[in-house]
Amino acid sequence: MSANRIQHKVNHVALVVDCSGSMHQHQGQLVRVVDEFVAGLKAESDSLGHETRISLYSFDHKVENLVWDMDVKHLPSMRGLYQVKNGATALIEASLKSLDDLGHIWEGYGEHSFLQIVVTDGEENASGGDRRHDGDMAILGPWLDRIAAKMGALPGHWTSAILVPNSLAKRTAQNYGFPAGNIAIWDADSQEGVEEAIGTVRAAATSFLRGREQGVRGTKNLFAVGQDISVDDVRATLEPIPADRYRLLKVDKEVEIRPFVDSHPGVTYERGSCYYQLGARAQVQANKEVIVVEKDTDRAYTGDAARSLLFGTGIQGTVSVKAGNNPKLEVYVQSRSVNRKLKPKTRLLIML
């Protein structure tokens, strides 16, 4: 290859969406979730100068390709493309087909990465035969083996993720081979749950594309935030908080936030003045402020751009996220709860 050739970044994204009978009540919401995810891909790709191509699949007991490797800028709304049917749920078969199809893309030039996101509201019950009717669960065995083998052999520049309806489905997805950090739970039965899913997938799109700028071509923590930003990003984008305006307190054991604060001299709990360190998955509502802290200096930064820096542009609602691994920075989220449980080996930031 010529030394002067530009190694442009090419992202291939496959969205694999459940269209089985149980999705009837969620059809409108799901179109919104997917359209917002695509909007996030467009915005971040434009900002970073990436080429992002998208494929869409729908599945009930049959798997159908709706769009193949199209420039994300030209993708119309899912409205009109996505149609709920009356079949069962061939989740494994759909996941495998989209991965197999992407595997045919030639990677000779450019720096390619692959991202698959599966969205479902139910459990596998149709790969290899519709077991709602025939009752033969033995058919599923080879499919379980196939998806576990496929997931285990994915190259490092491939990322596979899934949105599922509950904790049981999350455990099942882990058994299929989806990494725990690439599984998110969404509540399709409530408006709040749909808004959260929109925020979650948009933040994931941002995280994936920004990670590419850091040289990360694949991830097992897609639904984490903060791992893809640098101290320079924070200093250039956010506003420093004067050192005499806040305190950082170390949390040694699980404890409720109010008595923990009141036990320290010189501070008193006030609703909205405390920020917990983001760790395990949490729901961050649209009205919650976020603060970023440098680990080495304890300097804190915030501002109107903080949420966009962490979660991506255009996210209006709740996001469901956990902290990514960043050796230089910590993320803190505003709490207005008097009985939030603080976790040991974290810190609490108090605005004075």
Side-chain angles (χ1 to χ4, degrees), residues 33 36-37 40 44 115-119 159-174 177-187 192-212 214 216 218-230 233-234 251 254 257 274-295 302 306-312 315 317-337 340-349:
V33 171
E36 287 290 340
F37 174 74
E44 207 64 35
L115 170 63
Q116 175 202 59
I117 296 186
V118 183
V119 184
T159 299
S160 187
I162 188 168
L163 269 68
V164 295
N166 52 51
S167 297
L168 176 60
K170 179 176 181 177
R171 289 194 293 273
T172 301
Q174 284 183 261
F178 288 94
N182 289 356
I183 306 172
I185 296 173
W186 76 301
D187 176 11
E192 293 81 5
V194 173
E195 296 297 330
E196 181 182 316
I198 288 171
T200 300
V201 296
R202 286 201 66 153
T206 297
S207 177
F208 179 77
L209 295 178
R210 288 183 183 172
R212 297 279 275 120
Q214 307 294 326
V216 178
T219 178
K220 294 184 177 180
N221 275 296
L222 182 67
F223 297 117
V225 298
Q227 73 273 17
D228 49 11
I229 59 174
S230 67
D233 293 333
V234 171
V251 182
E254 184 171 296
I257 189 169
C274 298
Y275 295 71
Y276 64 91
Q277 184 180 341
L278 183 64
R281 186 165 302 282
Q283 280 67 45
V284 182
Q285 291 79 13
N287 62 348
K288 297 295 179 64
E289 297 175 1
V290 292
I291 293 175
V292 181
V293 173
E294 294 182 24
K295 290 182 180 180
T302 191
R307 287 180 65 94
S308 295
L309 179 65
L310 287 167
F311 310 138
I315 297 176
T318 298
V319 293
S320 175
V321 292
K322 65 178 182 178
N325 181 23
N326 191 316
K328 299 292 186 180
L329 299 167
E330 295 171 341
V331 177
Y332 290 77
V333 178
Q334 187 179 33
S335 173
R336 294 192 176 94
S337 168
R340 167 174 287 278
K341 293 288 182 65
L342 302 177
K343 299 300 181 182
K345 298 183 180 179
T346 65
R347 296 195 291 178
L348 183 72
L349 186 149

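Reckoned from all heavy atoms, side chains included, excluding hydrogens, waters and symmetry mates.
- No side-chain heavy atom of V119 sits under 4.5 Å from any side-chain heavy atom of V33.
- Annotation: side chain to side chain contact (heavy atoms under 4.5 Å, CB included) contacts of Q283 (sequence neighbours excluded): E196, Q285, T318, S320.
- Between N326 atom CG and S230 atom OG the span is 8.5 Å, to the nearest 0.5 Å.
- Rounded to the nearest 0.5 angstrom, L342 CG and I257 CD1 are separated by 5.0 Å.
- Closest of all the heavy-atom pairs between G226 and I229 is O-CG1, 3.3 Å.
- For the atom pair OG1 of T206 and CG of L309, the computed distance is 10.5 Å after rounding to the nearest 0.5 Å.
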- Message: If you apply the rule side chain to side chain contact (heavy atoms under 4.5 Å, CB included), what do you find for V234 with K328, and how did you get there?
- Response: CA-CA 11 Å; V234 171; K328 299 292 186 180; over 6 Å; no
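- Scored by the side chain to side chain contact (heavy atoms under 4.5 Å, CB included) test, A161 finds I117, N182, L222, F223 as partners (sequence neighbours excluded).
- Residues passing the side-chain hydrogen bond (donor to acceptor under 3.5 Å, both in side chains) test with K343 are E254, sequence neighbours excluded.
- To the nearest 0.5 Å, atoms CG (L163) and NZ (K170) are separated by 11.0 Å.
- Closest approach of V201 and F37 over heavy atoms only: O-CD1, 3.3 Å.
- In this structure, K220 places its NZ atom where only 12 or fewer heavy-atom neighbours from other residues, nucleotides or ligands lie under 6.0 Å away.
- Side-chain atoms of S335 do not come within 3.5 Å of backbone N or O of C274 as any donor-acceptor pair.
- For the pair V225/S207, no side-chain contact is recorded, criterion being any heavy-atom separation below 4.5 Å from C-beta on.
- Applying the side chain to side chain contact (heavy atoms under 4.5 Å, CB included) rule to A224 yields the partners N221, Q227, K322; only residues at least two apart in sequence or on another chain are considered.
- T302 contributes a side-chain N or O that, together with a main-chain N or O of V290, makes up a donor-acceptor pair within less than 3.5 Å.
- Minimum interatomic distance between V164 and A169 (heavy atoms only, all atoms of both residues): CB-CB, 3.7 Å.
- In this structure, W186 and T200 have side chains that are not in contact, with every pair of non-hydrogen atoms separated by 4.5 Å or more.
- Pairing each heavy atom of S308 with each of R210, the nearest pair is O-NH2, 3.2 Å.
- Residues that satisfy the side chain to side chain contact (heavy atoms under 4.5 Å, CB included) test with Q277, not counting sequence neighbours, are E330, Y332, T346, R347.
- Scanning both residues, I183 and A173, for their nearest heavy atoms gives CD1-CB, 3.8 Å.
- Taking E289 as the reference, nothing meets the salt bridge (charged side-chain N to carboxylate O under 4.0 Å, His left out) condition, with sequence neighbours excluded.
- Considering NZ of K288 and OH of Y275, their distance stands at 10.5 Å, rounded to 0.5 Å.
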